[in-house]
*Asks:* 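Mind looking over this structure? Questions follow.
For ligands, and for the atoms within them, numbers begin at 1 and follow the listed sequence. Numbers here simply count residues along the sequence, with the first being 1. Just so it is clear, the structure is predicted and the values come from calculations on it, not from any experiment. Every heavy atom of this structure was used, including side-chain atoms; hydrogens, water molecules and symmetry mates were not.
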Amino acid sequence: MAAPNIEAIVGLAKRRGFVFPSSEVYGGLGSSWDYGPLGVELCNNVKRAWWRAMVYNRDDIEGLDSSIILNRLVWKHSGHEDTFSDPLVDCRDCKTRLRADKLESPAGQPGAPESEVAELIRAKRIKCPNCGSTDLTEPRPFNLMFRTTLGAASEADDPAALAYLRPETAQGIFINYLNVQQSMRRKLPFGVAQIGKSFRNEVTPGNFIFRTREFEQMEMEYFVRPGEDEQSHQEWIDFFVAWYGSLGLSPANLRLYEQPREELAHYAKRTVDILYRFFPEREDEAKQWDELMGIANRTDFDLRAHSKNPADAEGKRFNPDSTEDLSYFDEAAKERFYPYVIEPAAGVNRSVLAFLMDAYTERTTEKGETRVVLKLHPELAPIKAAVLPLAKNKPEIVGMAKAIKRSLQPVLRAVYDDTGGIGKLYARQDEVGTPFCVTVDHQSLEDEAVTVRDRDTWGQERVKVSDLHEHLRGRLGLGNQC
Ligand code: ATP
């Protein structure tokens with residue numbers, strides 16, 4: 001089972017401290033969300049799992065943390081200033097702003113090429129999804145990069161001070177490619193991984209944390225010899241399908257999408273998206289899926305674009321602004337070339353949404369009450385163990401429970417809770433995905449043992465306090481990674 005729709009997660013997320021609407025005391029801010037005490041833990045666990053899979057568990061990837069604001073020339077030469085835009089359409093009747101590439105054609109299919117959409121709009125054959133009007137403007141490009149100005153004295157429209165908030169983390173990797181390669185003495189193939197915030201002034205943000213203007217990305221650029229790119233691309237596609245599966249996403253809710261030629265970004269040779277079933281409630285099965293992450297073969301486009309070399313036939317440099325040549329010299333083959341780049345790019349927030357939706361289950365108690373149980377993978381669960389006193393008015397029991405919580409904390413994320421009866425406390429922990437509850441009762445004072453309750457089976461086991469760390473770590477299946 002998974003969540004029946006995103007709405008089921010929105011309510012749970014707010015009620016249980018995962019995600020709150022941002023700026024709520026001032027009426028909110030469209031499509032902005034703040035991550036609460038459990039949300040920040042979940043995000044951190046997703047990022048940690050990704051970082052471990054990329055940087056620690058492999059021998060061929062280094063980490064990086066580049067600036068959010070880069071020299072404007074980066075975005076000029078990457079092509080973002082000219083092409084990082086969505087085609088924007090306005091409804092003249094209800095004033096809704098729409099993305100032309102998401103409008104449904106008369107046949108009910110979104111994603112028609114822009115020229116075709118323009119033609120259909122002119123012929124009044126496309127309807128505004130909000131009010132049904134056919135009075136739509138023609139598509140025009142809208143650049144998604146947020147602009148800002150640098151320096152205290154700069155005027156808002158001073159072109160010399162213009163800068164952008166990065167719309168992807170990837171460019172920070174390309175401009176540091178030589179720094180990483182030389183400082184870490186890397187030979188091809190090798191990768192550079194980065195996690196960080198990106199910003200896009202999306203025309204139609206929405207669907208909770210699925211599409212927002214400020215979000216976090218986990219991107220890795222894997223540099224390979226041209227000719228080895230296609231095989232490497234396929235390996236990374238397989239790798240990430242397996243990675244999401246290993247963290248609990250059901251294979252039935254994952255699917256691959258091969259981007260057709262006309263959809264490919266200007267730099268891409270091939271792009272495959274991993275889709276998740278974010279919209280299971282939609283009747284049309286094809287519309288239940290949307291992108292979770294993209295895996296692109298970016299060729300040598302970016303390294304060439306940021307290089308002072310090569311020159312054209314007349315000796316004129318293609319990039320007159322760059323001071324470096326980002327080509328690679330293969331010592332063994334005595335050859336110089338620009339590496340190809342395979343880019344697995346995932347969103348932290350979209351991944352969190354997918355993990356929450358997939359973990360969502362409902363279970364009926366013996367009394368006929370429906371309970372939500374969030375079956376998050378233990379590695380992702382915000383809390384690994386909750387220590388609960390059976391009687392909160394008994395100082396010895398409370399003292400023992402608090403001491404157990406403190407002793408667990410250096411080993412794994414644990415909390416103490418005595419704000420309700422035991423049934424309520426169990427239900428609360430089930431709803432936030434805590435794999436184990438540890439209950440201290442009257443008997444514990446005598447036999448130095450506690451009850452360990454399993455979130456998924458509701459089964460209970462008596463465990464000696466002296467064995468508790470080992471017992472929980474073993475059952476959580478975690479090494480030193482809590
Ligand atoms: P989309 O087609 O949904 O706009 P994209 O293809 O432009 O996404 P990429 O540039 O490939 O996205 O970015 C890589 C990943 O970053 C996406 O797969 C997604 O997980 C995440 N991402 C991109 N834009 C957003 C956004 N506005 N809000 C949340 N996550 C995003």
*Asks:* In terms of side-chain heavy atoms, does Ser351 have a donor or acceptor partner in Tyr276 at a distance below 3.5 Å?
*Replies:*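 Ser351 vs Tyr276: no donor-acceptor pair found between side chains.
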
*Asks:* Donor-acceptor pair, distance only, cut-off 3.5 Å: does the side chain of Arg166 make one with the backbone of Lys197?
*Replies:* yes

*Asks:* Which of the atoms in ligand 1, numbered in the order shown and given with their element, are less than 4.0 Å from a heavy-atom of Glu202?
*Replies:* 24 (N), 26 (C), 27 (N)

*Asks:* Before giving the answer on salt bridge (Lys or Arg N to Asp or Glu O under 4.0 Å), spell out for Lys76 and Glu81 the whole-Å C-alpha distance, their side-chain angles and the decisive distance to 0.1 Å.
*Replies:* CA-CA 5 Å; Lys76 176 180 169 191; Glu81 273 198 340; over 6 Å; no

*Asks:* Considering only non-hydrogen protein atoms, determine which one is nearest to atom 13 (O) of ligand 1 and report residue, atom name and distance to 0.1 Å.
*Replies:*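 The closest one turns out to be Gln217 NE2, 3.3 Å.
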
*Asks:* Testing Asn319, Leu178, Asn309 for side-chain contact (heavy atoms from CB on, under 4.5 Å) with Glu324, which one passes?
*Replies:*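 The option that passes is Leu178.
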
*Asks:* May I ask you to identify the nearest protein heavy atom to atom 11 (O) of ligand 1, giving residue, atom name and distance to one decimal place in Å?
*Replies:* Glu291 OE2, 3.5 Å

*Asks:* Suppose I only count heavy atoms of Met293 and a 4.0 Å limit; which atoms of ligand 1 are within that range?
*Replies:* 18 (O)

*Asks:* Quick test: of every protein heavy atom, which one is nearest to atom 30 (N) of ligand 1, and how far off is it to 0.1 Å?
*Replies:* Phe215 CD1, 3.5 Å

*Asks:* Verify the distance criterion only: is there a donor paired with an acceptor across the side chains of Arg186 and Gln181 at less than 3.5 Å?
*Replies:*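 Their side chains do not contain a donor-acceptor pair, so the 3.5 Å distance test is not met.
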
*Asks:* Write out the residue and atom name of the closest protein heavy atom to atom 29 (C) of ligand 1, then the distance separating them to 0.1 Å.
*Replies:*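 Looking at atom 29 (C) of ligand 1, the protein heavy atom closest to it is Phe210 O, 3.2 Å.
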
*Asks:* Does any pair with a residue in residues 100-139 pass ring-ring contact (aromatic ring centres under 6.0 Å, His included), and if so which ones, sequence neighbours excluded?
*Replies:* none

*Asks:* Could you say whether the N/O atoms of Arg211 and ligand 1 ever approach to under 3.5 Å?
*Replies:* yes

*Asks:* Can you report which non-hydrogen protein atom sits closest to atom 28 (N) of ligand 1, along with the distance?
*Replies:*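 For atom 28 (N) of ligand 1, the nearest protein heavy atom is Thr212 N, 3.1 Å.
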
*Asks:* What I want to know is whether Ile209 and ligand 1 share at least one N or O pair that is separated by under 3.5 angstrom.
*Replies:* no

*Asks:* Looking at ligand 1, is there an atom of it that comes within less than 4.0 Å of some heavy atom belonging to Leu292?
*Replies:* yes

*Asks:* For ligand 1, which part of Asp290 has a heavy atom less than 4.0 Å away: the side chain, the backbone, both, or neither?
*Replies:* neither

*Asks:* Looking at CZ of Phe18 and NZ of Lys14, how far apart are the two atoms once the value is rounded to the nearest 0.5 Å?
*Replies:*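 Here the rounded value is 15.5 Å.
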
*Asks:* Return the closest protein heavy atom for atom 21 (C) of ligand 1 as residue, atom name and distance.
*Replies:* Gly347 CA, 3.7 Å

*Asks:* Would you say the side chains of Gln217 and Ser198 form a donor-acceptor pair under 3.5 Å?
*Replies:*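 Checked: Gln217/Ser198 side chains pair up, N/O donor to acceptor below 3.5 Å.
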
*Asks:* Could you check, using the six-membered ring where one of them is a Trp, whether Tyr328 and Phe337 have ring centers closer than 6.0 angstrom?
*Replies:* yes

*Asks:* Which is closest to atom 9 (P) of ligand 1 in terms of heavy atoms, Lys102, Glu168, Arg200?
*Replies:* Arg200

